[in-house]
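Source: prediction; values computed, not measured. Position 1 is the first residue of the sequence, and the numbers go up from there.
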Amino acid sequence: MSELKLWKVYGAAVLVTAAIAVPSLAQDDKEQAKQDGKQFEALQRDLDGRADLWMRRQACPADLFQQDQTLFSRWDLTRDYTVGECEADPAACLKGCFDDGNEDACFQLAYIHQQNAPKALGRYSQALFAQACAAGSDGGCTNRAAGILRGTTDDEPFLAKADQAPSCVFRSFEVTCEAGDAWGCTMLGWQYTSGEAVAVDTAKAKAAFEKSCAISPDFVACDYARTELERLNAPDGAD
């Protein structure tokens with residue numbers, strides 16, 4: 001595997017776990033972690049019965065984006081949910097996600113489930129990222145596309161769609177970058193340097209990396225974008 005390929009895969013892994021700079025549950029807080037585990041078991045049972053959720057997981061994020069966005073969320077009138085709120089009361093965020101169509105509630109649920117649940121249960125966080133994407137979260141779409149790129153779970157639907165996955169991932173990062181998601185732009189830049197779904201295009205890669213930093217110069221997505229820009233701008237950077 002080439003150095004660039006390793007960097008690309010590492011970047012995707014960082015994307016999914018660092019979409020928000022929030023610490024995981026404290027290692028020494030075993031009682032709280034156990035309590036949260038019970039709450040997440042109830043959450044998973046609820047999600048298992050939502051057929052529409054699992055259908056969304058099978059769809060390309062580029063096609064899902066804003067599909068279920070409500071008029072209120074388009075006007076930015078819905079409330080914001082924090083990671084702490086959803087970690088303490090997943091049921092409240094579940095209601096906000098599915099009953100109110102709140103993209104933030106869906107995204108935070110996806111994120112904390114990803115951080116606290118075993119990797120074998122990654123299908124739940126990926127399905128919730130898809131739900132967030134449909135509700136209008138560009139970050140939800142980016143994280144779902146990254147999950148497809150990495151083949152995060154053994155039952156990832158796109159593992160059986162090898163002919164569609166590269167194009168889907170590229171289109172999704174293209175959509176989220178256009179929507180103003182810094183990680184979407186960083187991942188789009190990687191797409192243009194990898195040549196997997198589209199021809200290698202250094203100029204477009206640079207433009208995507210630069211846009212990531214223009215969107216959020218202090219965010220970790222820009223840190224990785226800057227590293228790639230330095231590599232591309234080096235005398236042998238295109239090699």
Side-chain angles (χ1 to χ4, degrees), residues 1-24 60-66 83 103-104 107 110-111 114-115 125-126 129-130 132-133 136-152 156 158 164-239:
M1 184 179 285
S2 69
E3 182 178 349
L4 175 57
K5 182 71 173 179
L6 282 168
W7 174 247
K8 175 173 171 288
V9 172
Y10 176 68
V14 169
L15 166 65
V16 180
T17 58
I20 326 174
V22 178
S24 304
C60 180
D63 301 325
L64 275 180
F65 185 43
Q66 297 184 340
V83 169
E103 64 182 79
D104 202 33
F107 186 91
Y111 179 76
Q114 179 177 263
Q115 294 300 299
S125 57
Q126 285 297 304
F129 279 132
C133 176
S137 169
D138 46 25
C141 296
T142 296
N143 276 272
R144 177 66 190 115
I148 294 170
L149 178 65
R150 296 175 61 213
T152 306
E156 166 58 56
F158 278 84
Q164 301 175 33
S167 173
C168 165
V169 167
F170 171 76
R171 290 192 300 113
S172 298
F173 293 143
E174 194 174 41
V175 165
T176 60
C177 180
E178 177 65 26
D181 184 60
W183 262 124
C185 293
T186 295
M187 297 306 290
L188 180 62
W190 272 313
Q191 289 286 294
Y192 279 122
T193 60
S194 73
E196 289 185 3
V198 292
V200 172
D201 192 320
T202 301
K204 288 184 178 180
K206 288 181 179 180
F209 291 136
E210 288 167 355
K211 183 173 181 179
S212 175
C213 290
I215 292 169
S216 189
D218 299 322
F219 190 39
V220 65
C222 177
D223 294 340
Y224 290 106
R226 283 196 190 101
T227 299
E228 281 296 281
L229 281 169
E230 290 173 4
R231 183 185 67 80
L232 292 173
N233 288 326
D236 60 346
D239 296 338

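Pro61 and Ile148 get closest at one heavy-atom pair: CD-CD1, 3.7 Å. Among all heavy-atom pairs drawn from Asp181 and Gly184, the shortest one is OD2-N, 2.9 Å.
With values rounded to the nearest 0.5 angstrom, Arg144 atom CZ is found 9.0 Å from Ser125 atom OG. Atom CG of Asp63 and atom SG of Cys168 lie 7.0 Å apart (nearest 0.5 Å). The CD atom of Glu103 sits 9.0 Å away from atom SG of Cys141, with the distance rounded to the nearest 0.5 Å. Separation of atoms OH (Tyr111) and CG (Asp104) is listed at 13.5 Å; rounding is to 0.5 Å. Asn143 contributes atom CG, which lies 8.0 Å from atom OG of Ser137 (distance to the nearest 0.5 angstrom). Atom-to-atom distance recorded for Cys213:SG and Leu229:CG is 6.5 Å, nearest 0.5 angstrom.
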- Message: Determine whether Cys60 and Arg171 satisfy the following criterion, side-chain contact (heavy atoms from CB on, under 4.5 Å), listing intermediate values before the conclusion.
- Response: CA-CA 9 Å; Cys60 180; Arg171 290 192 300 113; 3.5 Å; yes

- List the steps and the verdict of side-chain contact (heavy atoms from CB on, under 4.5 Å) for Lys204 and Val198. CA-CA 11 Å; Lys204 288 184 178 180; Val198 292; over 6 Å; no

- Message: Applying side-chain contact (heavy atoms from CB on, under 4.5 Å) to Val169 and Phe158, what does each step give before you reach the verdict?
- Response: CA-CA 10 Å; Val169 167; Phe158 278 84; over 6 Å; no

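Note: Trp183 and Trp190 have parallel aromatic rings, judged against thresholds of 30 and 60 degrees for the angle between ring planes.
Using a distance-only test at 3.5 Å, with no hydrogens or angles considered, no donor-acceptor pair links the side chain of Ser212 to the main chain of Ala208. Checking side-chain atoms of Ser194 against main-chain N and O of Gln191 turns up a donor-acceptor pair under 3.5 Å.
The shortest side-chain heavy-atom distance between Cys177 and Lys211 falls under the 4.5 Å cut-off.
For Tyr192 and Phe170, the ring centers are positioned less than 6.0 Å apart.
Among Thr186, Thr176, Val175, the single residue meeting the side-chain contact (heavy atoms from CB on, under 4.5 Å) criterion with Thr142 is Thr176.
Taking 4.0 Å as the cut-off between side-chain N and carboxylate O, Arg231 and Glu228 count as a salt-bridged pair.
By the 6.0 Å contact criterion, CD on Glu178 is open, its count of non-hydrogen atoms from other residues, nucleotides or ligands being 12 or less.
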